[in-house]
Amino acid sequence: MRRYELTDAQWEQIAPLLPPQKPRTGRPAEDHRQVLNGMLWILRTGAPWADLPARYGPVGTVSSRFYRWRQAGVFDRVLRRLQAQADARGDLDWDLHFVDATVVRAHQHAAGARRSGAIGGEGTVEGIGEALGRSQGGFSTKLHLRAEGGGKPMAAVLTAGERHEQLALDALMDKGPVPRRGRGRPRLRPRRTAGDRGYSSPSARRRLRQRRIEPVIPTRRDQPRQPDFDRAAYRERNKVERLIGRLKQYRRIATRYEKRAANYLAMCPTSAPVGQIEGLHERRMAGSS
């Protein structure tokens with residue numbers, strides 16, 4: 001097993017969740033494990049698809065399967081199954097979730113998508129096109145994340161780099177339902193949500209309370225202080241910050257090269273290739289166990 005590749009334990013867990021290796025008609029597809037390892041190599045190194053090593057198969061096979069699986073929702077379905085399994089084991093914390101956002105520098109190759117396809121894609125905020133804009137860091141996009149109490153990713157939303165965090169709060173809290181075993185609606189909303197002062201506004205607090213979520217957000221200097229503010233819970237917010245740092249170890253996430261917002265979001269935690277999902281859900285953030 002080479003660096004960045006799936007371990008045997010990871011492959012055994014995700015293999016049953018993938019489409020059949022041999023379809024009902026036609027010839028068998030290229031080996032799923034080999035193709036997924038090629039996707040992970042691209043994600044980790046940040047290299048162009050054309051530089052994919054030959055051991056992972058033809059470049060066109062690996063790249064086209066990534067885009068076809070993204071369009072068919074394969075990554076999303078696999079993530080939901082993995083999250084459902086983790087929830088059944090009691091590994092997802094629904095008491096306290098964390099929200100945060102990070103600006104991602106967009107490469108010049110990310111510009112130039114045809115307007116005819118500029119629909120943003122699943123996980124982007126309506127009306128923002130391809131989620132590209134200008135911030136203090138230059139040409140950029142902003143990745144908004146929600147993490148559960150142990151630091152594992154639950155939902156992701158994409159906006160242009162200059163957009164404020166509160167713009168994506170509704171979409172972030174309404175995205176990522178986790179199916180339950182047997183009957184019952186999927187689980188979606190935690191009891192509390194912690195965020196930094198970027199989410200400190202009466203409207204953001206009201207929107208959380210409308211969802212029956214208690215906000216754990218410090219007030220700004222120009223706002224009345226909250227006597228019941230839970231400082232101990234707020235200190236746990238570093239888990240989502242560490243999650244962002246860990247995600248940016250994948251260079252294809254740390255810098256956006258994809259023209260389409262939907263394709264870039266597919267490389268992020270809630271729509272990522274299953275090897276990356278498994279790694280993030282299998283290994284907890286330091287100190288969260």
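What you see below is based on every heavy atom in this structure, not just the backbone, and it leaves out hydrogens, waters and symmetry mates.
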For Asp87, give me all partners under salt bridge (Lys or Arg N to Asp or Glu O under 4.0 Å), at least two apart in sequence or on another chain.
Arg187
So Gln83 and Arg80, side chain to side chain donor-acceptor pair (under 3.5 Å) or not? Walk me through it.
CA-CA 5 Å; Gln83 288 179 330; Arg80 297 284 87 81; 2.9 Å; yes
Tyr56 meets the side chain to side chain donor-acceptor pair (under 3.5 Å) criterion, sequence neighbours left out, with Glu5
Non-neighbouring partners of Leu17 that pass side chain to side chain contact (heavy atoms under 4.5 Å, CB included), sequence neighbours left out:
Val78, Arg81, Leu82, Gln85
Side chain to side chain donor-acceptor pair (under 3.5 Å) involving Asn263 - partner list, sequence neighbours excluded
Arg70
Enumerate the residue pairs fulfilling salt bridge (Lys or Arg N to Asp or Glu O under 4.0 Å) with a member in residues 198-207, sequence neighbours excluded, ordered by first and then second residue.
Asp170-Arg207
Can Glu165 and Lys142 be counted as an ion pair, charged N to O under 4.0 angstrom?
yes
Identify every side-chain donor-acceptor pair in residues 132-139 under 3.5 Å, counting partners at least two apart or on other chains, and give the distances.
| residue | atom | partner | partner atom | Å |
| --- | --- | --- | --- | --- |
| Ser135 | OG | Gly137 | N | 3.3 |
| Ser135 | OG | Ser140 | OG | 2.8 |

According to the salt bridge (Lys or Arg N to Asp or Glu O under 4.0 Å) rule, which pairs have a member within residues 95-108, sequence neighbours left out?
Asp95-Arg191, Asp95-Arg192, Asp100-Arg237
Mind checking side chain to side chain contact (heavy atoms under 4.5 Å, CB included) for Ser64 and listing every partner two or more places apart, or none if nothing turns up?
Arg68
The side chain to side chain contact (heavy atoms under 4.5 Å, CB included) partners of Pro19 (sequence neighbours excluded) come to Trp69, Val74
Going by ring-ring contact (aromatic ring centres under 6.0 Å, His included), name the residues that satisfy it together with His107, two or more places apart in sequence or in a different chain.
His109, Tyr257
What residues form a side chain to side chain contact (heavy atoms under 4.5 Å, CB included) with Arg221, not counting sequence neighbours?
none
Could you state the interatomic distance from CZ (Arg146) to CZ (Arg189), rounded to the nearest 0.5 Å?
9.5 Å
Do Val103 and Leu167 belong together in a cluster built from hydrophobic side chains that touch within less than 4.5 Å?
no
Contacts of type ring-ring contact (aromatic ring centres under 6.0 Å, His included), residue His97, not counting sequence neighbours
Trp94
